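Single-structure report; data block below.
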Amino acid sequence: MKKLFSLALLISLAGYTVSAQELYMPRNIKAAYLKGTRSANGNPGPNYWQNHGRYNMDIKVDAETKVVSGDEEILYSNNSNDTLKTLVIRFVNNLHKPTAPRSGAVSEDFLSSGLNITSFSVDGERYKIDSKDWGTVGSVKLKKPLNPKSKITVKIGWDYPLSKESGREGQIDPNSFFVAYSYPRISVYDDYNGWDRIPHTDRAEFYNDFNDYVFSIKAPKNYVVYATGDFLNPDDVLQPEISARLKKSYNTDEVIHIASEQELKDGKVTAQKDWNTWKFKVDHITDVTFALSNHYAWDGGSVIVDAKTGRRASAQAAYNPTTGKDFLNSVKYNINALSWFSNNWPGIPYPYAKTIAFQGFADMEYPMMVNDSQFGDPVFAQLVQDHEVAHTYFPFYMGINETRYAYMDEGWATTFEYLIGIAEHGKQAADDFYKKFRVNNYINDKSTEEDQPIISMSDQVSGAGYGNNSYGKASLSYLALKDMLGDELFKKSLHHYMNTWNGKHPVPWDYFNSMNTGSGQNLNWFFRNWFFTNNYIDLKLEYTKKKAVNSPMVVRNVGGFAIPFDLLITYQDGKVDRIHYTPSVWKNNQSAISLVVKNNGKAMKSIALDGGIYMDATPKDNVYEFK
């Protein structure tokens, strides 16, 4: 039996090697496939695992001192086959410490003293921890190793000050705070890289395990707390009328004004105790966050996100009614976004109970919450909110490692932002915005940095190259694949990938392999073209005939990317024929293709290439004028 198993394993690995040869794969990723934690067919392997924490946290926010403090208990499960001799602790907000490495300059108001650990124990045994020299990642050597398939209980007491200057978190105003990344957490230990020790530098984003959370927020009276998760005790912390309005908003498409700034000022919103404890709970999620204010207006409504079950999701907004004019329609925007994303693209029911738009500064996504700016432009405000809500699917639903592979989430959010923009404002407006904000700067910057392969690790690509690889170029690849496969097969393939990897930690090769399996095609030529090259967008039209009567022409792919394009034939009478070519035309020859122009017996004025949102680096050589 053992010999038969060994033979089967060798055959399996041989098959893996043949298929994997087509795309470059780093050694650590290749090792994960060989260990059977990931499979060449795009599924988690038979030996796949991921670690897990159950977090029970009691957090307090002192609105006067601006200090956040907490006690947490983590039941941490080592589901790997490895013995862990250390725990890696991550605290993103140490970014504010003067000694922390950062991707850019900051003001003095951004700086703070960072995390102070007041107590630390493992399975009841106390540890002496001095966190003053910790950055965003710290390490604790365990007195007793954590064996495979076993658990420990970690207890941490801590406090830190909210930075005066708000970024992704901090003080929004003297009495409004967005409190994200607020608790020390055990960093990810995964099957392809071990402990995630990459420091947070305020550019590349985040990577967390799927954990379970029960947490409470102790806040002064007249402060409303908004948070990830199910709100467990509204009747304890809200006055009866406010609690009733909130519950009504859970079951109506209408916008309910749950609480006003004046009601807060008059003490008519929260229970009038010195402190109120707000309780929340959520399972299998990558993070929890919260915000609070004593003067923000609070709106709510809801929408059916799963037609089969009738399940609704709550859409809420919290904002300063004086300065946050964009937010007057936030609930409407959220209702529209939750419905559209659930039923169109990606076409998977919104997976959470709610989403909350909170007026801040970051234009940043968190599970069930977004922290968005006041732009003074309702159309742009809706687009930004759409983009942040789209992140629900990537990275949160899919567990993406944004630090290493930002294109696996930002590229998709940009794609969904574009697609919902077509539905909201029409294709021309969506195209114009996409070209202006996602493509134009990239394609018109000839620096080498812009043409780094998308597959490059995100934390190692600097300058504008980071944003272009993560947002525009990655999105263009997803839209090009959609164009090539057609909507039906593309959605089938995307759903296969998402259904296979939601709640887990896919890497780019899992995406490639899942899309191959889901589509029933070997798309590796396409993935190699878009992700593993220094290509850019540049087509060239070569046409030498004096008369266009069923004459051949050559389209050269100078830039190299396998893009879709249209051939425009303009006749002397002003009529135009538009012929569409999908990226499949580049499969066999990615350098040049021959096309035949058929004039249908009519005199032609010009022929041209039109890439649409695939803006050409040298558009002048895309047109041939007949004289």
Side-chain angles (χ1 to χ4, degrees), residues 49-62 65 67-80 82-97 100 112-161 179-190 194-197 199-200 207-218 229 277 279-290:
W49 55 266
Q50 60 194 47
N51 287 353
H52 180 266
R54 294 181 62 90
Y55 283 68
N56 196 317
M57 303 186 295
D58 294 312
I59 300 172
K60 178 181 178 181
V61 180
D62 190 318
T65 64
V67 169
V68 182
S69 57
D71 291 291
E72 64 185 277
E73 178 181 283
I74 310 166
L75 179 61
Y76 182 70
S77 299
N78 176 19
N79 298 320
S80 77
D82 303 327
T83 298
L84 305 181
K85 297 180 179 181
T86 62
L87 286 183
V88 175
I89 307 296
R90 183 169 293 275
F91 188 70
V92 170
N93 283 343
N94 268 353
L95 177 75
H96 295 279
K97 294 176 70 170
S112 76
S113 57
L115 177 69
N116 173 46
I117 290 182
T118 57
S119 63
F120 194 104
S121 69
V122 178
D123 286 340
E125 187 171 4
R126 292 186 178 183
Y127 284 57
K128 186 178 181 180
I129 301 294
D130 186 352
S131 59
K132 65 180 175 59
D133 292 329
W134 278 15
T136 57
V137 181
S139 185
V140 175
K141 185 176 181 181
L142 291 172
K143 297 179 180 180
K144 298 178 183 178
L146 176 57
N147 293 321
K149 317 300 181 186
S150 60
K151 303 177 181 180
I152 55 173
T153 299
V154 180
K155 293 184 178 181
I156 311 174
W158 49 267
D159 59 66
Y160 76 98
V179 192
Y181 326 117
S182 61
Y183 55 96
R185 75 187 72 204
I186 298 175
S187 194
V188 176
Y189 185 85
D190 61 32
W195 284 115
D196 176 30
R197 298 178 183 270
H200 177 66
Y207 181 39
N208 298 311
D209 276 322
F210 285 87
N211 298 314
D212 301 336
Y213 293 90
V214 177
F215 63 105
S216 66
I217 311 298
K218 188 175 182 180
T277 301
K279 298 179 180 180
F280 302 89
K281 182 181 186 298
V282 61
D283 290 340
H284 197 60
I285 202 163
T286 57
D287 197 7
V288 293
T289 192
F290 65 96

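Remember, predicted model here, so these are calculated numbers, not experimental data. Because only heavy atoms are used, hydrogens play no part in the values below, and waters and symmetry mates are left out as well, while side chains stay in.
- Listed for the Asp62 side chain is a donor-acceptor partner under 3.5 Å among the backbone atoms of Thr65.
- Although no hydrogens or angles enter the test, the distance criterion places a donor-acceptor pair under 3.5 Å between the side chain of Ser187 and the main chain of Asp196.
- Taken from CG in Leu95 to OG1 in Thr136, the straight-line distance is 7.5 Å, to the nearest 0.5 Å.
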Self-check item: Evaluation steps, side-chain contact (heavy atoms from CB on, under 4.5 Å), between Phe215 and Val288
Solution: CA-CA 9 Å; Phe215 63 105; Val288 293; 3.9 Å; yes
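- The backbone N or O of Gln50 sits less than 3.5 Å from a side-chain atom of Asn79, completing a donor-acceptor pair.
- A donor-acceptor pair under 3.5 Å is formed between the side chain of Asp123 and the backbone N or O of Thr153.
- Ser150 and Asn78 form no side-chain donor-acceptor contact under 3.5 Å, judged by distance and modelled atom types alone.
- With hydrogens and angles disregarded, a donor-acceptor distance shorter than 3.5 Å links the side chain of Asp212 to the backbone of His284.
- The backbone N or O of Leu84 sits nowhere less than 3.5 Å from a side-chain atom of Asp82 that would complete a donor-acceptor pair.
- Atom OG of Ser69 sits about 7.0 Å away from atom CH2 of Trp158, to the nearest 0.5 Å.
- Leu115 has its side chain within reach of Pro184: a pair of non-hydrogen atoms, C-beta onward, lies under 4.5 Å apart.
- Checked by atom type and distance alone, the side chain of Asp209 never pairs as donor or acceptor with a backbone atom of Asn211 at under 3.5 Å.
- Annotation: ring pair (Phe, Tyr, Trp, His ring centres under 6.0 Å) contacts of Trp195 (sequence neighbours excluded): Tyr189.
- Residues forming a ring pair (Phe, Tyr, Trp, His ring centres under 6.0 Å) with Tyr183 (at least two apart in sequence, or on another chain): Tyr55, Tyr213.
- Under the rule for a salt bridge (Lys or Arg N to Asp or Glu O under 4.0 Å), the partners of Lys281 that lie at least two apart in sequence or sit in another chain are Asp283.
- Contact record, Val282 with Gly229: CB-CA, 3.7 Å, taken as the closest heavy-atom pair.
- For the pair Pro161 and Gly114, the tightest heavy-atom approach, listed with the atom from each and the gap, is CD-O, 3.6 Å.
- With sequence neighbours excluded, no residue forms a side chain to side chain donor-acceptor pair (under 3.5 Å) with Asp71.
- Atom NZ of Lys97 sits in a crowded spot, with more than 12 heavy atoms from other residues, nucleotides or ligands closer than 6.0 Å.
- Val140 pairs with exactly one of Val122, Ile129, Val154, Thr86 by the side chain to side chain contact (heavy atoms under 4.5 Å, CB included) rule, that one being Ile129.
- No side-chain donor-acceptor contact under 3.5 Å links Arg185 to the backbone of Gly53.
- Every ring pair (Phe, Tyr, Trp, His ring centres under 6.0 Å) that Tyr181 has, sequence neighbours left out, goes to Phe206, Tyr366.
- The distance from the CD1 atom of Ile217 to the OG atom of Ser182 is 6.5 Å, given to the nearest 0.5 Å.
- At a threshold of 4.5 Å between non-hydrogen side-chain atoms, the residues Arg197 and Ser139 count as touching.
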Practice problem: Show your reasoning for whether side chain to side chain donor-acceptor pair (under 3.5 Å) applies to Asn93 and Tyr160. | Solution: CA-CA 9 Å; Asn93 283 343; Tyr160 76 98; 3.3 Å; yes
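- Asn94 contributes a side-chain N or O that, together with a main-chain N or O of Gly135, makes up a donor-acceptor pair within less than 3.5 Å.
- At least one side-chain heavy atom of Leu142 sits less than 4.5 Å from a side-chain heavy atom of Leu87.
- For residues 142-155, every residue pair satisfying the salt bridge (Lys or Arg N to Asp or Glu O under 4.0 Å) rule, not counting sequence neighbours, is listed here: Glu73-Lys155, Glu125-Lys143.
- The shortest distance between side-chain heavy atoms of Lys218 and Thr277 falls below 4.5 Å.
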